[in-house]
Amino acid sequence: MPFNPFEEKPIPIEMTYMDWKTMYPRPYNKETTDPYTKCRIVLMNGTEFEAQWFSRNFSRHCPDNDLRRQLAMMRRTEQQQQKRISCLKPKDETILEHTITYEQLAVDLTARLAQKETDCDVRSTMNFALLEDFDHLYRYSNLLEMEYNRDAKKLVGGYTEIMPARPTIAEHRCPKDSINRYIINKKTSILTQLQVNIITAAEQQTMNYYMNVAPLYCKSDHGRRLYQEIGMIEEQHVSEYESLKDTRVTWLEDLLMHEYTECYLYYSCMQSECDPYIRCIWEDCLTQEICHLHMAKDMLRKYERKDWQQIIPCGTFPELLILGPNIEYVRRMIAKTTGNTRQEEDIVSLNSLKKGNEFFVYQQIVNHDVRSVASHNVIDRHICAFGKDYRYQTAEHPVALLRSRTCDNVTLARIPCETPEKLSVAGKTSDCDDNSNPCDCGCS
Ligand SMILES: [Fe+2]
Ligand SMILES: [Fe+2]
Ligand SMILES: [Fe+2]
Ligand SMILES: [Fe+2]
C-alpha cells in the first residue's frame, strides 16, 4: 500500500512525549532475536542521534527564539526515542557482540541501498565502503572468538558471510581523498536523497560508538587498539557519505528532509519487523515522526514561504528499505573491486596511483610498522591460538589471495605489485552492470 506521511493527520507534539515506563522497554533476547531486528535497532538509534545533533546545530545557528523553541519541542521527542530504542539492547550483550551487529548492519544496509541506487557516484561510494565494513566484521569476529569464545556466525544468523575483503590495513587513506562531489537535490531522486541521509546517519553512529567504546573495552589492549583503528575508517566513511549531501539546502529544508527520512525508516521497519513487541515501538515512533514532519512543513511555510512539495515533490514513499542477506552481491563486489582505492572524488585502481601519491605517504605514516597494526594483529593472534583464522563462508573465497587461513594478507590493495589489476574494475561504471536499476548518468 502506498503511504504518504503528509496525508496523515498528526498528533500534537505534547502527545509525543513518553513517561518513564514507556521510555524503558523490555530488552530483546540476545540469543533468540532475529539478527535483522537487532540491525534495525542499531539503525534507528543512529537515526535518532543524527536527528538530535542536526537539531542542536540548527539551533546554534538560528537567531529566532520562536523557531528555536519549536526545535526544542521536537528535539525532546527525538531524545526520548533514542533512549527507548538504545535500551532495547540487553544488559548481557557485550560491547563486542553489539559491535558485530553494527558491522552486519553496515554490510547489509549498504548492500541493499547500493542495489537500489540509481546515482552512479552515490552507488560507487556505497560499494567502495561496503567492502571495508565487510572486512571489519571479519576482524571483530576473530576477536570475539579469541576473547569470548563466541561464534559470530550465530550472531549474524548465517545471513552475512564473515571473511576478509579489502584488508583494513589498506583502508587508511589521506583525508583529502574522502570528499565526494555533492548531489543536487533538485536533479536527484527522492530515493537517492533518502539513501544518502540514511547511510550517513548509520555510519556516523558507528563512528560515535567506536569513539565511545574504545576506552571502555576492558578485555584487552589489542581489542582497544582494534576499536581505535577501525574507528578511524568509520571517520573516513562519514566524510565520504556526508560530503554527498546537497550543501546548498537551507536548515529548514534539511529539517523537513530529516523528518521525512525518519518517517520513511520507521514505516520500513514497521513493515518488515518480525518481533511484535518491537513492531509496536516502530509504530509509536512513526506516529511521533508524522507530528515532526508536519511541524517542519509548517515552519518551512512560515519562515521561508515554501511549500513542502518544492522540496519533496511527491510525498508517497519510494520502495521501502527491507534489510536482508546479500551474500551473492557482496561476493561479486569483492571479486571485482577489492583492489580499488580513492583519489580525491574518484574511486580508482590502486595501480593507477603514481609513485609518491598521498595514499602511499599516509600509509607510510600510520602503517610503517605492520606489526603494530591492530587489524592485522588480531588475525595473527587468532592464527597462533587456533591454528587458523575465524571465518564463515558459504563457498570458496572469490579472491585467491584472500583464501589462506594461516597467513593474513597485508599487501593487497596497499602495495601495487601485490594487487592484481583484475581486482580493480575501477571508475564510475565499475559496478553499474551489477545493478538491477538503470543508471541516471547514462554511463552504461
Ligand atoms: Fe526521531
Ligand atoms: Fe565498519
Ligand atoms: Fe563503515
Ligand atoms: Fe523526528
Side-chain angles (χ1 to χ4, degrees), residues 5 10-11 13 16-18 23 42-56 58 70-86 99 101-111 113-114 125-140 165-166 168 171-172 178 197-211 227 229-242 254-267 269 281-282 284-297 299 375:
I11 57 170
I13 187 70
T16 67
Y17 299 151
M18 294 172 253
M23 235 168 79
V42 168
L43 173 65
M44 296 321 299
N45 178 47
T47 303
E48 291 304 341
F49 258 77
E50 168 61 25
Q52 188 65 210
W53 289 106
F54 172 77
S55 172
R56 294 199 176 278
F58 185 174
Q70 297 242 66
L71 288 174
M73 293 293 280
M74 293 161 78
R75 199 162 60 235
R76 185 58 55 87
T77 326
E78 315 287 17
Q79 186 68 235
Q80 289 195 332
Q81 288 172 321
Q82 187 277 332
K83 300 266 177 295
R84 189 183 191 192
I85 293 165
S86 62
T99 300
T101 300
Y102 265 82
E103 295 293 352
Q104 182 181 25
L105 170 68
V107 170
D108 285 324
L109 171 67
T110 311
L113 299 181
T125 302
M126 290 170 172
N127 282 332
F128 183 75
L130 168 65
L131 263 53
E132 304 193 335
D133 288 315
F134 187 82
D135 191 78
H136 301 165
L137 179 61
Y138 163 70
R139 311 278 155 184
Y140 282 127
R166 183 177 305 122
T168 299
E171 299 169 7
H172 301 286
S178 59
N197 275 355
I198 292 165
I199 194 70
T200 301
E203 291 291 324
Q204 174 178 264
Q205 179 51 24
T206 312
M207 175 186 79
N208 295 340
Y209 184 63
Y210 298 164
M211 285 169 86
Y227 276 103
E229 186 192 343
I230 294 181
M232 293 308 294
I233 304 301
E234 304 305 347
E235 191 273 337
Q236 272 185 177
H237 288 173
V238 182
S239 297
E240 288 162 19
Y241 286 128
E242 73 188 0
D254 209 1
L255 178 68
L256 185 80
M257 200 57 208
H258 269 79
E259 299 304 340
Y260 187 68
T261 307
E262 290 189 83
C263 288
Y264 170 78
L265 282 174
Y266 282 124
Y267 187 73
C269 287
I281 295 180
W282 304 143
D284 285 355
C285 289
L286 175 64
T287 306
Q288 293 158 349
E289 297 304 345
I290 289 170
C291 161
H292 290 176
L293 180 73
H294 285 258
M295 283 177 77
K297 170 197 86 178
M299 286 152 81
S375 61

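Note that ligands are numbered from 1 as they come in the structure, with each ligand's atoms numbered from 1 the same way. Numbers here simply count residues along the sequence, with the first being 1.
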_N, O or S atom of Q81 closer to the Fe ion (ligand 1) than 2.8 Å_ =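 Yes - counting backbone and side chain alike, Q81 has an N, O or S atom under 2.8 Å.
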
*Is there an N/O/S atom in E78 that lies less than 2.8 Å from the Fe ion (ligand 1)?*
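True for E78.
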
Is [X] close enough to the Fe ion (ligand 3) to have an N, O or S atom under 2.8 Å?
| X | value |
| --- | --- |
| H237 | yes |
| E132 | no |
| E234 | yes |

*Relative to the ring of Y210, is the ring of Y227 parallel (under 30°), tilted (30 to 60°) or perpendicular (over 60°)?*
perpendicular

_Shortest non-hydrogen separation from Q104 to L137 and the atoms involved_ =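 In terms of heavy atoms, the two residues are closest at N-CD1, 4.2 Å.
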
*Please note down the angle at the Fe ion (ligand 1) between OE1 of E262 and OE1 of E48, to the nearest 10°.*
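For OE1 of E48 and OE1 of E262, the angle centred on the Fe ion (ligand 1) reads 100°.
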
*asked:* Checking one value in my table: which N/O/S atom of E203 lies closest to the Fe ion (ligand 3)?
replied: OE1

Do [X] and [Y] get their side chains close enough for a donor-acceptor pair, meaning under 3.5 Å?
| X | Y | result |
| --- | --- | --- |
| Q204 | E50 | yes |
| R56 | Q52 | yes |
| T16 | T77 | yes |

*Restricting to N/O/S, name the atom of E259 that gets closest to the Fe ion (ligand 4).*
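For E259, the N/O/S atom sitting closest to the Fe ion (ligand 4) is OE1.
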
*asked:* With carbon and hydrogen excluded and only N/O/S kept, which atom of E289 is nearest the Fe ion (ligand 4)?
replied: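 This turns out to be OE1.
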
*Go through the steps to decide whether T206 and E103 satisfy the test side-chain contact (heavy atoms from CB on, under 4.5 Å), and finish with yes or no.*
CA-CA 8 Å; T206 312; E103 295 293 352; 4.3 Å; yes

*Flag H292 as yes if one of its N/O/S atoms falls below 2.8 Å of the Fe ion (ligand 4), otherwise no.*
yes

_With side-chain contact (heavy atoms from CB on, under 4.5 Å) as the test, pick out the partner of E262 among M257, Q288, Q81._
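Of the listed options, the one satisfying the test is Q81.
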
